[in-house]
Amino acid sequence: MRLRLLPDPRRGRWRRRLPAITLVWSVVVALGVAPIGLGALPQAQASVSSAVTKPGPKVWDPNTWTEGPEGSVTVAQTKDLSNQVLQVSWSGFTPTLNTMGESVPVVTKGDKQVLYAVRVYQCRGLDPKITDCYGSTLYNADPAKGFNQVAPPQGTTTPDFPSNMAIAPTGADGSGATSIEVWTATQSPSLGCDATHPCSLVIEPNYGGDTQDPNQVRNGAVDCTDHLSDIDGFFNTASDGGLEAYAASWAGNQYAGFQIGEQCAWEKRTVMPLYFAPTAADCENQAAVFKSAGLEMANRAVQQWRAGLCLADSPLSFQYSASGGEPQARQAFLGGAGLDVALTARPDTATPARPYVYAPLATSGVSVVFVVDDTRTGRQLRDMKLTPRLVAKLLTQSYAPPGLPVASVSGNPSCIFQDPEFKQLNQFSEASGMQWPSSCAPAEFEPTIVGGTTDLVYQLTAWIAADPDATRFLDGEEDPWGMRVNTFYQRGAFSGYPVDAVQPQDFSGPTGASEAARKMRQYEWNPVLGGLTQVFRTIQENRSTCQLWMPDGTGNHPKCDPMARGDRKLFAIMDSAQAKAFSLPEAALKNPAGGFVSPTTNGFQAAVGDMTTDAATGTQQLPYGVADTAFSRDAQAYPLATVQYAMVPTGGVSGEKAAAISRFLTTVAGSGQVYGVEPGRLAPGFLSLTGAQRQQALDAAKHVELQDGKWPGNQVPPPAPPTGGDGGTTGGTTGGTTGGTGGTSGGTATGGESGAGSGAAGTGGAAPVSDGTTAGGSDGGSSSGSTGSTGGTGGLGVESATGGATGGTAGTGAGPANGTPAPAAAKPTAAPSAQVGPLAAAPVAAGSPAADRAGTARLLLPVAVIAGLVLLIGGPAALLLGGTPAGERAMAATGRAWARLRRRP
């Protein structure tokens with residue numbers, strides 16, 4: 001009798017699963033050895049939202065005089081806050097009405113005819129009293145007395161800035177929203193909000209209740225259930241006017257001194273916590289290792305990076321001054337005037353007096369923001385299109401003061417809203433119910449802009465100067481509707497654009513007027529000298545920069561009054577990161593291809609993909625005014641996008657400074673490209689670096705660390721990117737852009753389609769050099785030693801002299817054997833490479849071949865795609881089915897089919 005041994009079920013299970021496991025591990029290993037050049041992954045996004053929703057007060061029904069269900073209140077962000085604007089919304093509240101019972105779209109402070117408005121305060125602490133809320137009726141009064149005290153003296157409630165209190169209506173459906181600027185201890189020392197002192201928002205619905213009639217005080221206290229005075233024609237305690245504080249002072253009255261302000265409204269409050277992020281100011285006890293300055297456009301990003309570095313386990317502190325202008329920062333850095341790093345948006349073109357290289361930090365843009373209210377509803381409008389010519393009209397005082405015969409602008413419209421060009425671009429349908437302002441007042445439409453020299457102004461005016469329509473207008477030609485440039489800005493009287501600082505040119509006035517009035521236009525526009533912070537502060541206060549042309553009793557010219565909410569007509573020029581932080585609407589601007597694009601993720605990505613690389617500096621910029629480029633054909637590119645750079649020293653600084661600057665760049669190129677509002681992350685409103693740009697920053701960090709004497713044009717620059725871009729998003733938005741497949745030697749990289757989700761980066765074309773071959777290798781020779789290191793993997797070159805499958809040739813060091821920096825006079829001359837199509841070739845100079853990390857990626861891309869599909873689909877399927885009845889049946893069927901095939905002749 002023959003015995004059959006039963007199989008071990010465990011051995012059988014693993015034998016059946018072995019093919020699936022082998023397949024999966026094969027794919028994993030294949031992907032593990034695949035080069036990073038397959039494409040840059042989209043950067044990680046901001047941390048989980050810190051929005052908070054809480055129950056609100058019970059709704060008050062003025063029709064039935066009864067309370068209903070609780071409402072709710074939401075604040076969009078409550079953690080890692082900085083000086084920014086927060087969005088507050090609510091539902092289930094009493095609709096805001098006027099005394100006729102009609103819905104009210106706009107509320108102003110102290111309005112006694114608008115009932116049941118909502119106030120939002122920023123307050124000290126997490127459980128504030130009325131005396132802790134900035135701008136309230138009793139801020140900074142005696143907290144022990146509560147509401148039972150006289151109103152504070154003037155100025156007590158707003159010691160730092162005018163009140164940031166927000167007031168807004170509730171719609172007929174019970175919902176409403178507003179925004180409020182929140183201050184750190186830097187803006188408001190009296191509030192003192194910082195990382196160790198949390199604050200709060202108080203959302204206060206004015207549901208009335210008698211707080212003003214002393215005859216109805218019950219047992220020495222206000223009876224907030226008594227709504228007789230909500231609408232009595234005199235007190236209107238449910239109106240915002242009912243919140244205005246004043247003291248009862250009737251002689252001999254037992255309630256003399258009783259504060260009759262907002263006690264009943266306060267009892268219905270909702271309190272929301274506010275936690276502020278640490279800042280570099282929290283590291284004041286640390287010694288700064290190096291000094292940096294320039295590029296106020298990058299301020300919000302740099303401040304988050306500074307905070308992350310100084311709060312790290314191994315702290316690093318450095319000084320940063322955003323004010324003063326980029327030209328001055330470049331000059332101070334190049335002249336060795338105590339500045340170790342200069343931040344800039346434009347490369348310096350002069351022969352430098354010290355060795356340095358450019359390191360990209362992030363991409364942002366210049367924004368034209370507007371605060372304009374609908375004349376029908378009073379609500380703020382948030383969509384606008386502008387051409388370079390329209391912006392030129394704003395910057396050249398080309399609109400005529402209404403009703404005044406001013407020769408320099410004779411016959412022109414009175415403001416942009418009456419300009420036929422603007423009206424043609426910005427039309428509302430009748431069904432929308434929206435309307436642009438129809439009337440214009442003198443000096444209320446000139447844009448608020450920085451008055452000092454800055455790269456921001458240069459880029460703005462370079463974009464204008466490159467536009468044919470704007471150029472003809474500035475040369476004196478009428479636009480199609482007959483409008484001409486202000487004669488004081490016409491060529492001959494004015495040098496023209498681009499400029500790095502704007503200055504008013506028209507100091508004229510009405511003809512036939514008094515001597516003082518004949519110079520009135522010099523007071524209508526005053527670029528601010530306090531930088532971008534003052535630009536925002538001015539527009540936040542609903543002011544233009546004009547002054548009254550008639551002097552007061554002291555001979556001074558006071559500022560023009562703020563514009564009333566509901567009737568605002570304001571423009572400003574600032575960086576897009578700051579515009580987004582403060583929730584300011586940004587205009588869609590016309591690019592050379594005729595598209596109107598806003599400063600968004602897609603607009604920045606498209607623009608970076610269109611930028612050319614300057615052979616002399618390795619920096620990327622948009623090719624304004626150059627015909628037949630990717631930029632001139634790309635209707636999706638934002639025309640005022642800019643890559644922000646640090647000029648960093650590669651010689652002449654101490655080892656400690658060199659190590660600190662290198663660590664700064666390495667950190668920024670790494671974790672500093674991860675989006676978020678926490679210290680060390682990339683602030684919202686910026687675009688993360690592409691893979692090539694990150695590599696350029698890391699290369700620059702190495703040059704600084706080695707102090708190898710590298711120069712602009714002698715460093716390893718990024719290859720010109722494909723038109724599709726290779727990843728990166730602005731803060732809080734997922735996705736990337738799928739780039740097109742690049743060409744081979746001498747070819748042109750073609751753009752891909754924009755990715756809607758987390759798209760992988762496309763692969764760029766090999767960068768052709770001046771002799772028509774394809775550059776290969778990563779960092780070639782180091783100039784600090786006698787012989788450089790071997791280059792990286794070569795590009796996919798056709799008849800390539802420097803590329804190839806085995807990588808670049810080992811470079812020969814240009815510096816002395818002891819590694820000391822080369823003297824200034826030894827700067828090599830960069831050999832500019834040829835332009836191929838719309839993209840600039842990567843510069844090759846002094847024996848440093850340009851990197852082509854995309855070559856191998858193109859070869860392995862199909863393999864990676866197939867392997868990825870197998871891993872994502874076949875691998876899990878095999879693991880799940882192997883060892884199961886379904887798996888056995890599938891494998892058996894496969895075996896039978898294979899056997900039949902083998903039996904066939």
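Positions are given from 1, in the same order as the sequence printed here. Just so you know, these numbers come straight off a predicted model, no measurement behind them.
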Taking the side chain as C-beta and beyond, is there a heavy-atom pair between Ser671 and Arg681 under 4.5 Å? yes

Looking at every heavy atom in both Leu126 and Pro273, which two are closest together, and how far apart are they? CD2-CB, 3.8 Å

Which side-chain N or O atoms in residues 110-118 pair as donor and acceptor under 3.5 Å with protein atoms at least two apart or in another chain?
unit_1: Asp111; atom_1: OD1; unit_2: Gln113; atom_2: N; d: 2.9
unit_1: Tyr116; atom_1: OH; unit_2: Asp230; atom_2: OD2; d: 3.0

Asn164 and Gln122: side-chain donor and acceptor closer than 3.5 Å? yes

Would you compute the distance between atom CG of Leu86 and atom CG of Leu201 and round it to the nearest 0.5 angstrom? 6.0 Å

What residue among Thr156, Asp132, Asp160 forms side chain to side chain donor-acceptor pair (under 3.5 Å) with Ser190? Asp160

Test side chain to side chain donor-acceptor pair (under 3.5 Å) applied to Thr158 and Ser163, step by step: CA-CA 6 Å; Thr158 55; Ser163 176; over 6 Å; no

Go through the structure and list residues passing ring pair (Phe, Tyr, Trp, His ring centres under 6.0 Å) with Phe318, not counting sequence neighbours. Phe290, Phe664

Distance col, row Asn236:CG vs Ile231:CD1, nearest 0.5 angstrom, shows 7.0 Å

Are any of the side-chain heavy atoms of Val366 and Met297 separated by less than 4.5 Å? yes

Can you tell me if Asn285 has over 12 outside heavy atoms packed within less than 6.0 Å of its CG? yes

Distance-only side-chain donor-acceptor flag, Glu446 / Thr545, under 3.5 Å: no

At their closest point, which heavy atom of Arg119 faces which heavy atom of Asp240, and how far apart are they? NE-OD1, 2.7 Å

Taking C-beta and beyond as the side chain, do Cys193 and Leu274 meet within less than 4.5 Å on heavy atoms? no

Are Glu181 and Gln187 linked by a side-chain donor-acceptor pair shorter than 3.5 Å? no

Ignoring hydrogens, what is the shortest heavy-atom contact between Ala177 and Ala168? Give both atom names and the distance. O-CB, 3.8 Å

Asn83-Arg300 side chain donor-acceptor pair, cut-off 3.5 Å: no

Would you please say whether a donor-acceptor pair under 3.5 Å links the side chains of Gln534 and Arg537? no

Can Thr170 and Trp90 be counted as having a side-chain donor-acceptor contact under 3.5 angstrom? yes

Which atoms form the tightest heavy-atom contact between Gln286 and Cys310, and what is the distance? NE2-O, 2.9 Å

Under 4.5 Å between any side-chain heavy atoms of His197 and Arg124, yes or no? no

Residue pair Phe571 / Ser544, side-chain heavy-atom distance below 4.5 Å: no

When the ring planes of Trp183 and Phe161 are compared, do they come out parallel, tilted or perpendicular, using 30° and 60° as the limits? tilted

Is there a side-chain contact between Tyr134 and Asn140, using heavy atoms and a 4.5 Å cut-off? no

For Val106 and Pro169, the nearest pair of non-hydrogen atoms, with its separation, is N-CG, 4.2 Å

Distance-only side-chain donor-acceptor flag, Ser583 / Gln87, under 3.5 Å: yes

Side chains of Thr131 and Asp142, heavy atoms from C-beta outward: is any pair under 4.5 Å? no

Passes salt bridge (charged side-chain N to carboxylate O under 4.0 Å, His left out), Asp567 versus Lys569? Steps please. CA-CA 7 Å; Asp567 192 29; Lys569 310 176 187 72; 3.0 Å; yes

Beyond-backbone contact of Asp575 with Glu296, side-chain heavy atoms, under 4.5 angstrom: no

With no hydrogens and no angle check, do the side chains of Thr53 and Thr74 hold a donor and an acceptor under 3.5 Å apart? yes

Got a sec, which pairs hit disulfide bond (SG atoms under 2.5 Å apart) with one end in residues 117-160, sequence neighbours left out? Cys123-Cys133

